Each structure stands twice: as structure tokens, then as C-alpha cells.
Amino acid sequence: MEAVNDPVRLMEIEKELAGPQKEAALAKYDAVLSALARRIDAAMKAGLPPEEFPRVAELGEANVLARKILRLTVRVDGEARKA
């Protein structure tokens, strides 16, 4: 997945997650975040230099939060369409 620091790209992702293929979009983005979580876990288990540990730990926390937001985005959109 490419870097997502562009507001236009974020809007495109939001549209994907609200569109008819939202489950496929959710799976695609969650797979990327899941792979990142595995890489973070592996790095933590392998051991990190003390100066790297806080940054990697924060990245892990941000990744967990990103996965939660991703799921909530799809869930909220789905519930809004039913109302």
C-alpha cells in the first residue's frame, strides 16, 4: 500500500470503504495492517536496540488503532445505510 499522507488518497480510501465492494476494501487494507502487525511482533521478539524500542512500540499501538478505525468505518457506514 502506498503512503497515505495525501488527503485526496484518504478520501479515495473512505469511498472504497463505503462503496459496494466495502468488504473487499476492508479485507485489502486490513491485510496490509495485519502484515505490519506481524512484522512489528517479529521485530519485538527478535529484540530491538533500546533507542528503537519506543518507536516500534508506538507504531504497534498506532497499527492496532488503525485496524479498529478501519473496522468501525465499515461498520458505521453499513449501519447508516440500513437506517
Side-chain angles (χ1 to χ4, degrees):
M1 177 166 40
E2 46 189 79
V4 192
N5 57 3
D6 178 7
V8 174
R9 180 67 180 129
L10 290 174
M11 289 173 53
E12 290 172 2
I13 292 170
E14 186 178 357
K15 285 180 185 177
E16 283 183 67
L17 294 171
Q21 299 296 321
K22 66 183 175 188
E23 295 300 326
L26 170 65
K28 176 177 79 171
Y29 292 112
D30 192 56
V32 172
L33 295 172
S34 181
L36 177 58
R38 287 190 301 274
R39 290 174 52 201
I40 291 168
D41 289 343
M44 297 288 261
K45 287 178 183 174
L48 295 167
E51 64 275 3
E52 294 291 323
F53 186 85
R55 291 190 306 183
V56 175
E58 287 179 12
L59 179 60
E61 291 174 17
N63 191 55
V64 168
L65 182 60
R67 291 184 79 190
K68 288 179 182 181
I69 291 170
L70 181 65
R71 286 185 177 83
L72 285 172
T73 299
V74 172
R75 183 178 305 150
V76 167
D77 181 69
E79 290 176 3
R81 287 178 182 227
K82 292 177 187 174

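Model, not experiment: these values are computed from the prediction.
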Next on the checklist: Could you work out, with side chain to side chain donor-acceptor pair (under 3.5 Å) as the rule, every residue matching Lys28, not counting sequence neighbours?
Outcome noted: Glu16
Item to check | For Glu14, all residues meeting side chain to side chain donor-acceptor pair (under 3.5 Å), sequence neighbours excluded | outcome: none
Checklist entry - Is the shortest side-chain N to carboxylate O distance from Glu58 to Arg55 below 4.0 Å? => result no
Applying side chain to side chain contact (heavy atoms under 4.5 Å, CB included), name anything that partners [X], two or more places apart in sequence or on another chain.
X     : value
Glu61 : none
Asp30 : Arg67, Leu70, Arg71
Ala35 : Arg38

Item to check | From CA spacing to verdict: salt bridge (Lys or Arg N to Asp or Glu O under 4.0 Å), Glu12, Lys15 | outcome: CA-CA 5 Å; Glu12 290 172 2; Lys15 285 180 185 177; over 6 Å; no
Checklist entry - Which pair of non-hydrogen atoms, one from Ala43 and one from Leu48, has the smallest distance, and what is that distance? => result O-CG, 3.6 Å
Item to check | Nearest-0.5 Å distance, CG of residue Asn63 to NZ of residue Lys68 | outcome: 11.5 Å
Would [X] end up clustered with [Y] when hydrophobic side chains under 4.5 Å apart are linked, directly or stepwise?
X     : Y     : value
Leu36 : Leu10 : no
Leu33 : Met44 : no
Leu59 : Val64 : no

Item to check | Hydrophobic cluster of Leu65, others only, ordered by chain and residue number, side-chain cut-off 4.5 Å | outcome: Ile69
